[in-house]
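Just follow the structure's listing: the first ligand is 1, and inside any ligand the first atom is 1. Fair warning: this is a prediction, and the values are worked out from it, not measured in the lab.
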Amino acid sequence: MPDLLQIGGITDDMRTRLAERFTIHQMGDDYPADAITHIVTNGHDGVPAAVLAACQNAKVAASYGVGYDAIDTDACVARGMLVTHTPDVLNEEVATTAIMLMLTTYRNFLSDEAHARSGAWERDGNAPLSRSADNRAVGILGLGRIGQAIADKLKAFNADIHYHTRSERDVPYTYHANLVDMARAVDVIICITPGGPATKHLVNADVMDALGPDGTLINVSRGSVVDEAALVSALQDGRLGYAALDVFEEEPRIPSALKSMSNVVLLPHVGSATHETRAAMGNLVVDNLLSHLDTGRVVTPVPECAHLNTG
Ligand code: A2R
């Protein structure tokens, strides 16, 4: 059986399917680098440069997740290696996470829940009023597969939808070629671009200032998209009102300043983390690897590798 290198964890279902067709080696153990033909990894661990260099016969790296900024796709393409990811199957889940972060921020559900649970309701009376999440102007930064799912779900809240991408799309939302202009026009920005150098610190102090003291920044994309130090300053100074974050620059580390702020909602990168969606993602990872064994082609190559997917 061909040799597969496993980087990071995989689910039991993935292991069961993969073990029928591959000899699985775990990174960290001694593994026969020259024999490795396939790699399974995830969006956080990617493929370290040393592994790429050692596994000269690897033909496919299949990543669990839609974002693949942790994989050097240029280096993979240069040696004819396919990289796959898991687009579409997580659109609705990540969109739901974004909507829940927005609702939680506006409606103060975390402090309300604590108010109920702690006995403060009986002791001190009603919880303070919150702000309505309906009828808001929402700017989606990155209107791709997930961004579109977010826009669809926002209809239920009668949102006025704006977006910023590099190229305008044929959609009934307000396009802004400039991100600061969009920040000035909306109440909330939801970040859902890919990570990597092209989007690093796209959301900088200028964007936060334009969003303003009543504005909310939501990030369900990659921590690198937001300048975290600038975010802490903007929130501390009151130049930005609120933030709701599922992703951080140095996961799993969250700046302690953010942890102490009551106008911030923090999640441990759980955008797609349900049993159902993770099972679908795992199946797609395995489908990619088995398809390559059977046909020489993969199911969902990343765009940079699509021209290599010829079988
Ligand atoms: O810029 P465009 O027209 O290529 O639109 C893409 C947009 N985007 C950007 N927008 C502004 N400035 C940039 N430098 C920039 N780079 C990309 O992000 C497109 O509308 C969107 C990405 O959409 P998809 O490729 O369909 O990705 P998907 O599946 O929605 O996932 C987005 C990200 C993943 O890469 C993970 O990092 C995260 O969500 O879970």
Side-chain angles (χ1 to χ4, degrees), residues 41-46 62-73 83-101 138-154 161-183 186 189-204 206-207 210 217-228 244-251 267-274 277-278 280-281 284-285 288 299-306:
T41 185
N42 59 77
H44 181 75
D45 295 311
S63 187
Y64 179 85
V66 65
Y68 52 93
D69 43 298
I71 300 178
D72 183 349
T73 46
V83 177
T84 73
H85 64 151
T86 61
D88 288 316
V89 293
L90 42 57
N91 293 351
E92 298 304 324
E93 212 69 73
V94 178
T96 297
T97 303
I99 300 294
M100 288 177 73
L101 283 173
V138 182
I140 302 178
L141 169 52
L143 192 71
R145 290 170 292 244
I146 302 172
Q148 183 62 59
I150 293 171
D152 292 343
K153 288 184 198 260
L154 280 169
I161 297 174
H162 300 234
Y163 72 103
H164 168 71
T165 49
R166 291 165 301 181
S167 40
E168 188 170 358
R169 289 186 46 190
D170 183 18
V171 286
Y173 314 131
T174 306
Y175 177 66
H176 297 268
N178 181 289
L179 178 55
V180 172
D181 288 345
M182 180 169 85
V186 300
I189 286 183
I190 300 177
C191 306
I192 189 62
T193 62
T199 56
K200 187 171 167 64
H201 292 185
L202 201 55
V203 179
N204 57 23
D206 292 342
V207 176
L217 178 67
I218 296 174
N219 190 7
V220 287
S221 59
R222 284 288 186 260
S224 59
V225 178
V226 173
D227 182 339
E228 213 166 67
L245 310 166
D246 185 41
V247 289
F248 302 88
E249 286 204 67
E250 289 174 29
E251 295 177 8
L267 293 179
H269 202 152
V270 291
S272 64
T274 63
T277 294
R278 289 293 170 86
M281 291 163 62
L284 187 49
V285 171
N288 270 295
V299 185
T300 47
V302 303
E304 294 88 336
C305 295

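Here the heavy atom of the protein found nearest to atom 6 (C) of ligand 1 is T165 CG2, 4.3 Å. V66 CG1, 3.6 Å is the protein heavy atom nearest to atom 40 (O) of ligand 1. Atom 17 (C) of ligand 1 has R166 NH2, 3.4 Å as its closest protein atom, hydrogens excluded (heavy atom only). Of the protein's heavy atoms, G142 CA, 3.8 Å lies nearest to atom 7 (C) of ligand 1. Taking atom 31 (O) of ligand 1 as the reference point, the nearest protein heavy-atom neighbour is I146 CD1, 3.5 Å. In this structure, atom 22 (C) of ligand 1 lies nearest to the protein heavy atom P194 CD, 3.6 Å. Among protein heavy atoms, atom 33 (C) of ligand 1 sits closest to T193 O, 3.5 Å. Closest to atom 27 (O) of ligand 1, if we only count protein heavy atoms, is R145 NH2, 3.4 Å.
Polar contact check, S167 against ligand 1: a nitrogen or oxygen pair lies under 3.5 Å apart. Ligand 1 has an N or O atom lying under 3.5 Å from an N or O atom of G144, backbone or side chain.
The closest donor-acceptor contact from the side chain of T86 to the backbone of G65 lies under 3.5 Å. Proximity of a side-chain donor or acceptor of N288 to a complementary backbone N or O of T300 within less than 3.5 Å is detected.
Residue-level proximity to ligand 1 for R222 is carried by the side chain, the only part with a heavy atom below 4.0 angstrom.
Residue I192 holds the heavy atom nearest to atom 39 (O) of ligand 1 of all those in V220, I192, I150, D246.
In this structure the side chain of E304 never reaches within 4.5 angstrom of the side chain of V83, judged on heavy atoms. Contact check for P194 versus R222: no side-chain heavy atoms found under the 4.5 Å cut-off. The shortest side-chain heavy-atom distance between I192 and I140 falls under the 4.5 Å cut-off.
Using a 30° and 60° split on the angle between ring planes, Y175 and H164 fall in the parallel class, below 30°.
Near L202, with a cut-off below 4.0 Å to any heavy atom, the atoms of ligand 1 are 12 (N). Contact atoms of ligand 1 toward T199: 13 (C), 14 (N), 15 (C), 16 (N) (distance under 4.0 Å to a heavy atom of the residue). Distances below 4.0 Å separate heavy atoms of L143 from the following atoms of ligand 1: 20 (O). Within the listing of ligand 1, atoms 14 (N) sit less than 4.0 angstrom from a heavy atom of A198.
Between T97 and V270, the closest heavy-atom pair is OG1-O, 4.1 Å. For V225 against G195, the heavy-atom pair with the smallest separation is CG2-CA, 4.3 Å. Here the shortest heavy-atom pairing between A98 and I150 reads CB-CD1, 3.8 Å.
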Please evaluate residues Q148 and Y163 with respect to the criterion side-chain hydrogen bond (donor to acceptor under 3.5 Å, both in side chains), reporting the C-alpha separation (whole Å), side-chain torsions for both, the decisive distance (0.1 Å), and the verdict.
CA-CA 10 Å; Q148 183 62 59; Y163 72 103; over 6 Å; no
